[in-house]
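Only one structure is covered here, and it is reproduced in the block below.
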There are 2 protein chains.
Amino acid sequence: MMVKELSQAANVSADSVRYYTRIGLLKPERDRNNGYKLFTDTDVKRLRFIRRAQSLGYTLAEIQHILDHAHSGKSPCPLVRDIIRKRIEDNRVKLDELKALQERMENALQDWEQRGDGVPDGDTVCYLIDLAGEE
Amino acid sequence: MMVKELSQAANVSADSVRYYTRIGLLKPERDRNNGYKLFTDTDVKRLRFIRRAQSLGYTLAEIQHILDHAHSGKSPCPLVRDIIRKRIEDNRVKLDELKALQERMENALQDWEQRGDGVPDGDTVCYLIDLAGEE
DNA sequence: CTTGACTTGTGTGTTGCTCACAGGTTTATA
DNA sequence: TATAAACCTGTGAGCAACACACAAGTCAAG
């Protein structure tokens, strides 16, 4: 199975398959004639696993880690739980930051709608932004 | 004024100052002897503007654009409003995605807390992830 | 046997930094 | 005055997760 076929079997872009191979998440054999990547049915499963894990918030590095761990025969489940706990925390922080940003942006825009335009001088590029507070 | 002094004057890391210079957001003179960057008071203002704009959600590329526009003498204000309107929309999408992700992660973890560990076999790496749904 | 459609691999660009590194400069001490 | 330590500099590379460009290879139709 070559890149395109695998990518369709797992509903993933061909470029992603190539990328995963590049970083070692997939390790296809190579066609001796032309160097093409050759995948197996196991790779389809592996790729589906990768996407499912990704949709749960795992990074590719973490998935790599989980796969390595599983390959050693031990249960990756505790690791899987630990990682997602941290990811949940991190995501909460990011979420809060984004919410705050969204508010700042909306407030600024609402304020700006009322005001006219200004021409830049030596001191201000755009007073709309300049007056948006210090922090 | 050299990198460190500017960075302190605007409360920015020295590496960020170097980065902004690299991408052309700041354009210091160079010391003929040693090639060191030489900044002026105007650069302090410019750098503060950059950070304020960033805290409002503008990307560096957009800030670059705004500065260029202002340099041509025209008012950048309409541009500034347009950009932030788009940024607000984009951010809303990202926010929704992150919220959905957070829910998926929390649901998965809650589910997983009840279950034991499994050992990987040929078909599943970690059934916790595998049973997390198809989509 | 040539045209054209399709695919492949690899290289590069993306965002906003941060870190590593080798070297230059300033300051303190002997 | 020499020298060592502390600090600063510029540049190059790395990060995440792809998307895109591009030349070269493959395959079927005519």
Side-chain angles (χ1 to χ4, degrees), chain A residues 1-39 43 46-47 49-67 83 86-87 90-91 94 97-98 101, chain B residues 1-39 43 46-47 49-67 83 86-87 90-91 94 97-98 101:
Chain A
M1 192 183 323
M2 292 194 301
V3 169
K4 184 118 197 264
E5 200 177 343
L6 173 62
S7 77
Q8 286 170 340
N11 199 31
V12 168
S13 85
D15 274 329
S16 293
V17 171
R18 295 202 180 90
Y19 174 64
Y20 296 160
T21 304
R22 228 181 317 207
I23 64 172
L25 259 180
L26 296 172
K27 290 165 191 153
E29 302 286 310
R30 294 299 182 132
D31 189 315
R32 298 210 177 281
N33 296 326
N34 48 27
Y36 286 11
K37 305 170 178 77
L38 297 177
F39 300 93
D43 290 318
R46 196 177 168 93
L47 186 49
F49 176 84
I50 292 169
R51 298 308 280 226
R52 205 137 40 211
Q54 250 189 326
S55 79
L56 285 175
Y58 294 89
T59 67
L60 294 183
E62 289 163 345
I63 295 167
Q64 179 83 278
H65 195 170
I66 292 168
L67 287 169
I83 293 175
K86 183 158 193 334
R87 204 124 290 286
D90 291 351
N91 201 50
K94 228 195 272 179
E97 283 171 2
L98 271 195
L101 172 60
Chain B
M1 192 183 323
M2 292 194 300
V3 169
K4 184 117 197 266
E5 201 178 341
L6 173 63
S7 77
Q8 287 170 341
N11 198 32
V12 169
S13 86
D15 274 330
S16 292
V17 170
R18 295 202 180 90
Y19 174 63
Y20 295 160
T21 304
R22 232 184 310 211
I23 63 172
L25 260 179
L26 297 172
K27 289 165 193 153
E29 302 286 310
R30 293 299 180 132
D31 188 316
R32 298 209 178 281
N33 297 326
N34 49 28
Y36 286 10
K37 304 171 178 76
L38 297 176
F39 300 94
D43 289 317
R46 196 178 168 93
L47 185 48
F49 176 85
I50 292 169
R51 297 308 280 226
R52 206 138 38 213
Q54 249 188 326
S55 79
L56 286 174
Y58 294 90
T59 67
L60 295 182
E62 287 163 347
I63 295 168
Q64 178 84 281
H65 196 170
I66 291 168
L67 286 168
I83 293 176
K86 183 158 192 336
R87 205 124 291 285
D90 291 350
N91 201 50
K94 230 195 273 180
E97 284 171 2
L98 271 195
L101 173 59

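Residue numbers start from 1 in every chain, and the chains themselves are labelled A, B, ... in the order their sequence lines are given, proteins ahead of strands. What you see below is based on every heavy atom in this structure, not just the backbone, and it leaves out hydrogens, waters and symmetry mates.
- Ranking dG11(C), dG10(D), dG16(C) by closeness to the Lys37(B) side chain, first place goes to dG10(D).
- A distance of 9.0 Å separates CG in Leu56(A) from CZ in Arg52(A), rounded to the nearest 0.5 Å.
- Using a 4.0 Å cut-off between charged nitrogen and carboxylate oxygen, Lys86(A) and Asp90(A) count as a salt-bridge pair.
- Under 4.0 angstrom from either OP1 or OP2 of dG16(C) there lies no side-chain N or O belonging to Ser16(B).
- Taking atom CE of residue Met2(A) and atom P of nucleotide dA24(D), one finds them 20 Å apart after rounding to whole Å.
- The Lys4(A) side chain lies nearest to dT7(C) when the options are dT7(C), dC18(D), dA17(D).
- Under the 4.5 Å side-chain criterion, counting only non-hydrogen atoms from C-beta, Val12(A) is not in contact with Ile50(A).
- Annotation: the span from Met1(A) atom CE to Ser7(A) atom OG amounts to 10.5 Å, rounded to 0.5 Å.
- Look at CG on Leu25(B): it is 13 Å from C1' on dC17(C), rounded to the nearest Å.
- The CG atom of Asp31(A) sits 10 Å away from the P atom of dG9(C) (whole-angstrom rounding).
- The side chain of Arg22(A) lies closest to dA19(D), out of dT9(D), dA17(D), dA19(D).
- Straight-line distance from the OH atom of Tyr36(A) to the C1' atom of dT10(C): 12 Å, rounded to whole Å.
- Minimum atom distance to the side chain of Arg18(B) is reached by dT9(D), of the listed dT18(C), dT9(D), dG25(D).
- Nearest nucleotide to the side chain of Gln54(B), out of dC18(D), dT18(C), dG16(C): dG16(C).
- The side chain of Tyr19(B) lies closest to dG16(C) when the candidates are dT25(C), dT10(C), dG16(C).
- Summary of the strand contacts: Gln8(B) and Arg30(B) both lie near DNA chain D, and taking for each the nucleotide with the nearest heavy atom, the more 5' one is attributed to Gln8(B).
- A salt bridge does not link Arg46(A) to Asp43(A): none of the charged side-chain nitrogens sits closer than 4.0 Å to a carboxylate oxygen.
- The side chain of Asp15(B) approaches dT18(C) more closely than any other nucleotide in the set dT18(C), dT11(D), dC17(C).
- Closest contact between the side chain of Asn34(A) and the listed nucleotides dG10(D), dT10(C), dG25(D) involves dG25(D).
- Protein atom CG of Asn11(B) is 13 Å distant from nucleotide atom P of dC17(C), rounded to whole Å.
- Note: CD (Glu5(A)) to P (dC27(D)) measures 14 Å, nearest angstrom.
- For Tyr20(A) and dC18(D), the shortest distance from a side-chain N or O to OP1 or OP2 is below 4.0 Å.
- Across dT11(D), dC18(D), dT8(C), the shortest atom-to-atom separation from the side chain of Val3(A) is found for dT8(C).
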